[in-house]
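Beneath this line is the structure, given in structure tokens, with notes to follow.
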There are 2 protein chains.
Amino acid sequence: MIFSKSCEYAIRAVIYIAHQSRNGKKVSIREVAQGIDSPLHFIAKILQYLSKRNIIQSTKGPNGGFYLDKRAMKQTLEDVVIAMDGDQVFEGCALGLRYCSESRPCPLHEEFKQIREQIRYSLQSTTIAQFAEEDAHKPILKR
Amino acid sequence: MIFSKSCEYAIRAVIYIAHQSRNGKKVSIREVAQGIDSPLHFIAKILQYLSKRNIIQSTKGPNGGFYLDKRAMKQTLEDVVIAMDGDQVFEGCALGLRYCSESRPCPLHEEFKQIREQIRYSLQSTTIAQFAEEDAHKPILKR
DNA sequence: TAAATAAAGGAGTTTTTTATCTTTTTTATG
DNA sequence: CATAAAAAAGATAAAAAACTCCTTTATTTA
Ligand code: FES
Ligand code: FES
């Protein structure tokens with residue numbers, strides 16, 4: 001929940017690609033799909049979209065594939081999430097009211113404002129590069 | 001996000017019914033739908049389901065409708081959420097891995113464990129009855 | 001007991017999300 | 001320049017979620 005399936009895959013894919021990217025290695029759709037155990041054609045669409053949104057980079061042809069350039073490495077997961085799911089996670093009302101507002105707060109407003117800020121903080125506080133560095137991430141993504 | 005649409009409606013409906021229920025008033029599907037601004041037939045199904053799960057009570061026939069008995073009033077929103085969306089909100093991995101586990105934690109595990117606990121706490125800490133009491137809730141549910 | 005009221009139940013439809021398949025374009029290299 | 005590798009693009013398809021409509025059952029009351 002919290003994130004859409006596409007967004008979950010996207011986060012995992014970005015971390016995976018970033019990890020490979022540290023040594024300048026580009027990865028193909030096939031590798032990503034295997035690496036994070038996601039449907040091949042589905043992740044293809046997601047990567048294509050992330051690439052268009054400039055969250056990740058890609059090159060066609062032999063030796064091509066997906067990678068992250070220096071700038072992309074400095075992004076945070078918040079950027080990925082916003083690209084995939086928009087800002088509803090951070091801005092939307094927990095009870096589905098049209099707007100989350102201070103002036104007409106729903107019964108869960110105060111509590112969930114904090115929760116959403118904490119989600120935002122969690123996603124902001126670490127760069128993609130940092131996730132890529134961790135060695136711990138390997139056994140996690142591949143299952 | 002966080003909750004399904006059905007769950008959002010359910011929470012709003014339960015609070016609405018509880019509020020009316022304080023003075024022993026039973027409410028019809030129609031009233032609930034208007035009160036919380038939700039699709040009539042959709043909320044009908046939801047109320048039917050909540051009733052079967054004994055989250056709310058109902059009686060058929062003239063002067064019938066939905067209400068909350070004393071026991072139901074003492075429940076928390078956690079009960080409503082679990083009835084509607086299951087425990088994925090509280091238990092599921094943020095990145096969609098099959099299990100959220102300490103032994104194979106995903107890169108977001110530590111942060112999101114806390115977030116999910118905070119969500120659980122928020123939903124547990126107030127009884128339905130308390131939400132019903134607040135006068136502030138009225139302008140919130142009806143839009 | 002007939003009529004009216006209100007929820008329960010059953011059977012759809014529509015929309016959105018998730019997933020698959022095929023063709024086209026780009027690029028490197030022999 | 002031909003071939004192969006790889007992503008981009010386009011077109012469906014399947015599944016799930018959201019939403020609707022119609023019929024049945026239970027209950028009250030005139
Ligand atoms: S109004 Fe519902 S969370 Fe702010
Ligand atoms: S393993 Fe992902 S949140 Fe625990």
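Chain letters run A, B, ... following the sequence lines, proteins first and then strands; every chain starts at 1.
Distance B/Lys5 NZ to C/dT17 C1': 16 Å, rounded to the nearest Å. The CD-P distance, from B/Glu8 to D/dA17, rounds to 14 Å in whole Å. The separation between A/Ile55 atom CD1 and D/dA7 atom C1' is 18 Å, rounded to whole Å. One can place CZ of B/Phe42 at 9 Å from P of D/dT20, the figure rounded to the nearest angstrom. As rounded to whole Å, 9 Å separates atom P of D/dA7 from atom CD of A/Glu31. Taking atom NE2 of A/His41 as the reference point, atom P of D/dA6 lies 16 Å away to the nearest angstrom. Atom CD of B/Gln20 is separated from atom C1' of C/dA6 by 17 Å (rounded to the nearest Å). Straight-line distance from the CD1 atom of A/Ile29 to the C1' atom of C/dT26: 14 Å, rounded to whole Å.
A single hydrophobic cluster is not seen to contain both A/Leu97 and B/Met1; linkage of ILVMFWY side chains at heavy-atom distances under 4.5 Å, directly or through other members, places them apart.
At least one side-chain heavy atom of B/Leu47 sits under 4.5 Å from a side-chain heavy atom of B/Ile56.
Side-chain atoms of B/His19 and B/Glu133 form no donor-acceptor pair, as typed in the model, at a separation below 3.5 Å. There is a side-chain donor-acceptor pair under 3.5 Å between B/Thr127 and B/Gln130.
Donor-acceptor pairing under 3.5 Å, judged by distance alone, is present between the side chain of A/Lys60 and the base of C/dT25. Donor-acceptor pairing under 3.5 Å, judged by distance alone, is present between the side chain of A/Lys45 and the base of D/dG10.
Looking at the side chain of B/Asn63, the nearest of the listed nucleotides C/dA19, C/dA7, D/dT28 is D/dT28. The side chain of B/Ser28 has C/dA6 as its nearest neighbour among D/dA18, D/dA7, C/dA6.
For the pair B/Thr59 and D/dA26, the criterion of a side-chain N or O lying under 4.0 Å from OP1 or OP2 is not met. Residue A/Ser58 places at least one side-chain N or O under 4.0 Å from the OP1 or OP2 atom of D/dA8.
The six-membered or imidazole ring of B/Phe112 lies near that of A/Phe3, with a centre-to-centre distance under 6.0 Å.
Each of B/Ser6 and A/Gln48 was matched to the nucleotide of DNA chain D holding its nearest heavy atom; the match closer to the 5' end belongs to A/Gln48. For the pair A/Pro62 and A/Tyr9, nearest-nucleotide mapping onto DNA chain C gives the more 5' position to A/Tyr9.
A/Val27 comes within 4.0 angstrom of the backbone, heavy atoms only, and of no base.
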